[in-house]
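Below is one structure; the comments refer to it alone.
None of the values given here were measured: they were computed from a predicted structure. In what follows, chains carry the letters A, B, and so on, assigned in the order in which the sequence lines appear, proteins first and then strands, with residues in each chain numbered from 1. Reckoned from all heavy atoms, side chains included, excluding hydrogens, waters and symmetry mates.
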There are 4 protein chains.
Amino acid sequence: MSSEVRRHHGNRHGRSEAARAAVLEAADDLLAEKGFAGVTIEGIAARAGVAKQTIYRWWPSKVEILLDALGSDMVTALEPVDSGDLSGDLRRYLRRLARFLTGSDPGAVLRALVGQAQHDPDLAARLRVEHLQPQREREAVMLREAIARGELPAGFDVDLALDRLVGAVYYRVLVTGEPVPVAFTDGLVAAFVAEQGQSASR
Amino acid sequence: MSSEVRRHHGNRHGRSEAARAAVLEAADDLLAEKGFAGVTIEGIAARAGVAKQTIYRWWPSKVEILLDALGSDMVTALEPVDSGDLSGDLRRYLRRLARFLTGSDPGAVLRALVGQAQHDPDLAARLRVEHLQPQREREAVMLREAIARGELPAGFDVDLALDRLVGAVYYRVLVTGEPVPVAFTDGLVAAFVAEQGQSASR
Amino acid sequence: MSSEVRRHHGNRHGRSEAARAAVLEAADDLLAEKGFAGVTIEGIAARAGVAKQTIYRWWPSKVEILLDALGSDMVTALEPVDSGDLSGDLRRYLRRLARFLTGSDPGAVLRALVGQAQHDPDLAARLRVEHLQPQREREAVMLREAIARGELPAGFDVDLALDRLVGAVYYRVLVTGEPVPVAFTDGLVAAFVAEQGQSASR
Amino acid sequence: MSSEVRRHHGNRHGRSEAARAAVLEAADDLLAEKGFAGVTIEGIAARAGVAKQTIYRWWPSKVEILLDALGSDMVTALEPVDSGDLSGDLRRYLRRLARFLTGSDPGAVLRALVGQAQHDPDLAARLRVEHLQPQREREAVMLREAIARGELPAGFDVDLALDRLVGAVYYRVLVTGEPVPVAFTDGLVAAFVAEQGQSASR
DNA sequence: CATTAAGCGAGACGGTACGTCTAGTCTTATG
DNA sequence: CATAAGACTAGACGTACCGTCTCGCTTAATG
């Protein structure tokens, strides 16, 4: 038996998976080595051993390549935790988020894309629809299950809580440039938990 | 009598204030009209009626022009409030911050610069040193004075609080792209106050 | 009844005559519409509804297609005259040559090929062997028969005469771009006849 | 003391003569080495050590570069002869023309341009106006002076004679590809002279 | 009657050159 | 001595064709 997609140089199989993979890897490498400005279509083509036309055939711009390169890395790296204990889950999740954003290759891709999205509304829309909102939804599930378990009150404002927890992490990464140590993320959760305890005791 | 600085085409008066102002205004206009990618040195020179060399003489790059164009707009627009009532001050400040970031021209410049800073560590450093950290300091003063007044406990973690309050606003602006209505900023302050109340009651 | 070669999409009949004809016609049309630079393999394939590979299977280059498209048009259009009266025959022949070169589709193809032959020695060789020399030979026959009839002297230099008669027509077409009216071709023949008369009278 | 035009890299001197000369020489060299198809803007730029933009600033296409490269070479190489003896002058001129067209670098440029002119009416017009017609005029002067001297009759058709003399040479070069030996050009003149003798004797 | 094999339309591929755009450098003449 | 002007080298942009390479379909001849 043979693999589903065979190696080929352009034919009726349709798109070459080898070329696609080489492009995405080249884009990733260039971003890591030279930064966003160093990611050029010509550079990607040269490094991937691919013709420029092949790139333009499948991607409308370099940011789409990076979106593609991001792929499901976010889903993989930021799988929410559900152990039945909200505060522990949140601590683990925010630690993981901080590490993803500040210390991983796909995190660097995401930061570059969020940066570029400030100049490019189309990219912003695609980035949100394809990556940020789905991840936000996975984060929301964590909190909603805690509501279901009774760890959080019924009327709990999930969106506000996520903006305060996750937003603080992004803020340090994107705006202040401060490191995001475990002490910080744990501190966020501690404050969150304290607040809930207060509410519950009323 | 005439204005202090006369228009001139190269002379012994020193730097031309007219050229400087024209460049900054052209950069601002181009950003507003065409977005960040539409801001080019050539475009600025053409619109400002200035030679490219004059721009390169005084600014090392286009982002420095935008930094310069931002000027003291942030200081002016985001003057912290100090009425002696922390929660009211915070509500007013965050409303103003949200409006600045989402609904003003200098806010658009700041967003573009923060976006570009994700690709450009030098810009990131200058942006933080010249604008973000001074503003952060002004914000911190608000809280420190509340501590001095006894509205907040002595060991209060000012940095964590700002990351949670201000960070949530930036997060919506830069990442989720959600609007930042008054209800949201007031909600942030309400949660903050509730938390403090709980702490105080312990 | 059916045509000898039926329409087919690839089979054991061998080469598709329909595809061949469509390619030649498309090439001709493109040359007429857009000029030589507008004749591209991709354009021919698209217009002929034929795959590029089919073109490359049968023709090594686009100029070979035009050579093929020229076909026997030159032979047909430039059939020499032999009425037994040399000066009348030459007048008719040169008029026909002028009209072919300046006012017919295959003449335009020939001009394009002669032009391209200046850049392409292989094309030059093929063009001469397949079209120009055979036609030259047919022209020479006209003169040789006049020699046989005694209209021209035995030692008459056929090649020189053709270079002067035919060459002058090509020169106007290819180099000066002047029109080639009947008065011109008739003038050529008149001068030729006068010269022979002079020689004969010696 | 300094040379009239100083070396510079773009400035208010206006156009760089060094860049201009390097481009023309590179184009010439490429034509000689690789033929017309080997003359590309990129190739010229690379060989001349010049930016593509500099080429596009001054020449609209590669054929204009070749037109420019041809310069006054034709005038120089094809200076008509005027010794007072028409037949000798014509022999010398046609020998020189044959050598220019078949055995010189600028002759190769001219052949390439005449070839390309078959595909490009604009080039054809410029080539004629700038080079071919002026040269034709210089040729005509030779004959007109012979008329003035009484070597040719008053009503002599200069244009027809040039088409037959010069045209035959171009025809061999451009169409038949035959060599153009001295015997051939001398034969042309001999036939021309014989014809005139006959006319004169009438 | 099923198999085989050749020509076909289709179209992706690695390339080269195109002509355009902007960057950043350099050299003047002007005031 | 800073300016406006503008030519310069450099290099990425996105497009057009090149010539090559499968691929799956159609069809007649073959076994």
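Between D:E17 atom CD and F:dA7 atom C1' the separation is 14 Å, expressed in whole Å. Summarising the geometry, the separation between CD1 on C:I55 and P on E:dG9 is reported as 9 Å, rounded to the nearest angstrom. Regarding A:R15, its CZ atom lies at a distance of 22 Å from the P atom of E:dA10, rounded to whole Å. Going from atom NZ of B:K62 over to atom P of E:dT22 covers 10 Å, rounded to whole Å.
Take the nearest nucleotide of DNA chain F for A:S61 and for D:T54: the residue whose nucleotide is more 5' is D:T54.
Taking every side-chain heavy atom of A:A51 into account, E:dG15 is the closest of E:dC13, E:dG15, F:dT9. The A:Y56 side chain lies nearest to F:dG14 when the options are E:dG19, F:dA7, F:dG14. The side chain of C:W58 lies closest to E:dC8 when the candidates are E:dC13, E:dC8, F:dT3. Closest approach to the D:Q53 side chain among F:dT15, F:dA10, E:dT25 is made by F:dA10 (side chain taken as heavy atoms from C-beta onward).
Within residues 24-50 of chain A, the residues approached by DNA chain E to less than 4.0 Å at the level of any non-hydrogen atom are A:G49, A:V50, in residue-number order.
Sorted by first then second residue, the side chain to side chain donor-acceptor pair (under 3.5 Å) pairs that include residues 108-122 of chain D, not counting sequence neighbours, number zero. Every pair passing salt bridge (charged side-chain N to carboxylate O under 4.0 Å, His left out) that includes a residue from residues 49-58 of chain D is listed here, sequence neighbours excluded: D:E42-D:K52.
OP1 or OP2 of E:dC13 has at least one side-chain nitrogen or oxygen of A:R57 nearer than 4.0 Å.
Shown here are the salt bridge (Lys or Arg N to Asp or Glu O under 4.0 Å) partners of C:D105, two or more places apart in sequence or in another chain: there are none. Scored by the side-chain contact (heavy atoms from CB on, under 4.5 Å) test, D:R128 finds D:A124, D:L132, D:Q133 as partners (sequence neighbours excluded). For C:R47, the side-chain contact (heavy atoms from CB on, under 4.5 Å) partners two or more places apart in sequence, or in a different chain, are C:A26, C:D29, C:L30, C:E33.
If you check every strand for non-hydrogen atoms under 4.0 Å, B:W59 touches nothing.
The base of E:dG11 is not paired with the side chain of C:K52 by any donor and acceptor separated by under 3.5 Å.
Judged by distance alone, the side chain of C:K62 and the main-chain N or O of C:A27 form no donor-acceptor pair under 3.5 Å.
Between B:W58 and B:D68 there is no side-chain heavy-atom pair separated by less than 4.5 Å.
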